[in-house]
Amino acid sequence: MSVFHYVHNLMILRQVAFVNSDYNVTTINSYGYSPHPLSVYLAWVKELLQQSENGPKKPFIISITSSDPAKLRRMMQDIQYLRMELVNNAQSFIGIELNTSCPNILDSPPTGYAFSSLLPLLTVLKEEYAKDPTLTIGLKLPPFVYRDQFNAVIDGIKNLCLSDDISGSIPACPIAFFTCTNTLGNSLFFKEQSARLTPSTEDEEISPFAVPTGLGGLAGDALHALALGNVYTFSKILGEAGIPSFRKIAIIGVGGVTSKAAAERMRKAGATVVGCATLLGKEGIKAFEIIAGEVA
């Protein structure tokens, strides 16, 4: 490993801290957006999808974001170019997620909290889907805490509906899934509450906080109840909306999936699929065996 990559990886590790507990798998992180451009991820995804002789078995969701509709369109088109290059039905293993919810970007609060402001970006999603209805598109959402926030999302995606029959009476929604939820911003751990993944630098020894920025995004067990509530609320609203295509929107349950029981709770709340990050950061790929109940 080069010195650059070593230092870069060290900087990334310093942006996350785990709570000091043998039983509570909770983190705070100050991550922003990825340091890698989209082109790097597309190259990785292409390589992985082409490795299997009998065709791919594992789908990929490519999470992107932009405040500029033109840039978002270019990103979606770059993903489409990759999909067109792939054979053996591999293009159907690529989904696109618009991230509306990173809480750690300075002077750029999560757009998911002001959902009406997303209309120019959502229009891009609608137009690209109209060109190619085989696209799988989803939204990564922030954790919501009151009903009007959920309703704003539903009202926003109603405006995206297309007609999928000659009469125009059956609305087709470009949104195939919600990811609920991202981390909870403006959270704070002090150093004595946490266990760092790397030794502290001299500057960090002076800081009383668990991560260099002080404030960050809360994840893991401490987020689980709120994440369950978000999954449950969206599941109910989508089912009761009276729009057939809304009932087809899947929910990816994320937030405190640190055990088999937590994954089962997510599914009971309405999640079709579950995801984990905090447990993966703590246990590596053993996390998937823990969630499957194969190991404790």
Side-chain angles (χ1 to χ4, degrees), residues 33-34 37-43 45-46 49 59-87 89-102 105 108-142 149-180 182 234 237-238 241-252 272:
Y33 297 137
S34 171
L38 176 61
S39 58
V40 172
Y41 286 98
L42 296 182
V45 170
K46 180 179 179 180
L49 286 174
F60 287 84
I61 296 174
I62 301 174
S63 190
I64 58 176
T65 194
S66 177
S67 58
D68 181 348
K71 288 182 180 178
L72 177 63
R73 191 182 303 277
R74 284 197 295 273
M75 286 190 283
M76 293 192 69
Q77 290 171 348
D78 287 343
I79 296 171
Q80 280 289 63
Y81 292 146
L82 172 60
R83 293 178 77 238
M84 288 186 287
E85 284 182 41
L86 297 169
V87 296
N89 202 38
Q91 66 269 21
S92 64
F93 283 77
I94 296 177
I96 299 174
E97 176 186 80
L98 177 63
N99 185 349
T100 72
S101 52
C102 182
I105 308 300
S108 183
T111 50
Y113 286 127
F115 207 81
S116 60
S117 70
L118 283 171
L119 182 58
L121 301 179
L122 297 176
T123 299
V124 173
L125 302 185
K126 174 181 177 177
E127 291 171 352
E128 294 302 313
Y129 177 81
K131 296 175 189 174
D132 180 4
T134 69
L135 273 174
T136 300
I137 301 172
L139 301 175
K140 188 171 189 179
L141 299 171
Q149 293 175 314
F150 295 94
N151 291 338
V153 175
I154 300 302
D155 291 342
I157 64 171
K158 280 180 182 177
N159 296 324
L160 303 183
C161 287
L162 309 164
S163 62
D164 61 2
D165 72 345
I166 296 174
S167 69
S169 62
I170 304 174
C173 183
I175 304 302
F177 66 90
F178 291 159
T179 303
C180 302
N182 207 331
F234 271 122
I237 293 176
L238 290 169
I243 300 175
S245 57
F246 275 23
R247 289 197 290 271
K248 298 177 183 177
I249 295 176
I251 298 176
I252 302 176
T272 307

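Note that the coordinates shown come from a computational prediction; the quantities given were computed from them, not determined experimentally.
- In this structure, CG on L238 lies 4.5 Å from CD1 on I154, to the nearest 0.5 angstrom.
- Pairing each heavy atom of F246 with each of A241, the nearest pair is CD2-CB, 3.7 Å.
- F60 CZ to I96 CD1: the interatomic distance, rounded to the nearest 0.5 Å, is 15.0 Å.
- The shortest side-chain heavy-atom distance between L82 and L49 does not fall under the 4.5 Å cut-off.
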**Prompt:** When you look at C173 and I249, which way does the side chain to side chain contact (heavy atoms under 4.5 Å, CB included) test go after all the steps?
**Reply:** CA-CA 9 Å; C173 183; I249 295 176; 4.3 Å; yes
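- Closest approach of P69 and P120 over heavy atoms only: CG-CB, 3.7 Å.
- From D155, atom CG reaches atom CZ of F115 across 10.0 Å, with rounding to the nearest 0.5 Å.
- With rounding to the nearest 0.5 Å, the separation of CZ in F178 from CD1 in I252 is 11.5 Å.
- For the atom pair CG of L121 and CG of L72, the computed distance is 5.5 Å after rounding to the nearest 0.5 Å.
- N151 has its side chain within reach of I237: a pair of non-hydrogen atoms, C-beta onward, lies under 4.5 Å apart.
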**Asked** Does the side chain to side chain contact (heavy atoms under 4.5 Å, CB included) test come out yes or no for L135 and I79, once each step is laid out?
**Response** CA-CA 10 Å; L135 273 174; I79 296 171; 5.8 Å; no
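- At least one donor-acceptor pair closer than 3.5 Å links the side chain of S101 to the backbone N or O of K140.
- Of all the heavy atoms in D68 and A70, the pair that sits closest is OD1-N, 2.9 Å.
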**Request:** Kindly determine whether T65 and T100 satisfy side chain to side chain contact (heavy atoms under 4.5 Å, CB included), including the steps that lead there.
**Result:** CA-CA 7 Å; T65 194; T100 72; over 6 Å; no
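- For the side chain to side chain contact (heavy atoms under 4.5 Å, CB included) criterion with I157, the lone passing option out of L118, I175, L125 is I175.
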**Request:** Evaluate the side chain to side chain contact (heavy atoms under 4.5 Å, CB included) criterion for residues F177 and T272: first the C-alpha distance (whole Å), next the side-chain angles of each, then the deciding distance (0.1 Å), finally the verdict.
**Result:** CA-CA 9 Å; F177 66 90; T272 307; over 6 Å; no
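- Taken from CG in L38 to CE in M76, the straight-line distance is 11.5 Å, to the nearest 0.5 Å.
- The backbone N or O of A114 sits less than 3.5 Å from a side-chain atom of S117, completing a donor-acceptor pair.
- By the 4.5 Å heavy-atom criterion applied to side chains, F234 and V153 are counted as neighbours.
- For S63, the side chain to side chain donor-acceptor pair (under 3.5 Å) partners two or more places apart in sequence, or in a different chain, are E97.
- For the side chain to side chain donor-acceptor pair (under 3.5 Å) condition, the pairs that include at least one residue of residues 118-132, sequence neighbours left out, are R73-E127, R73-E128, Q80-D132, R83-D132, E128-K131, D132-T134.
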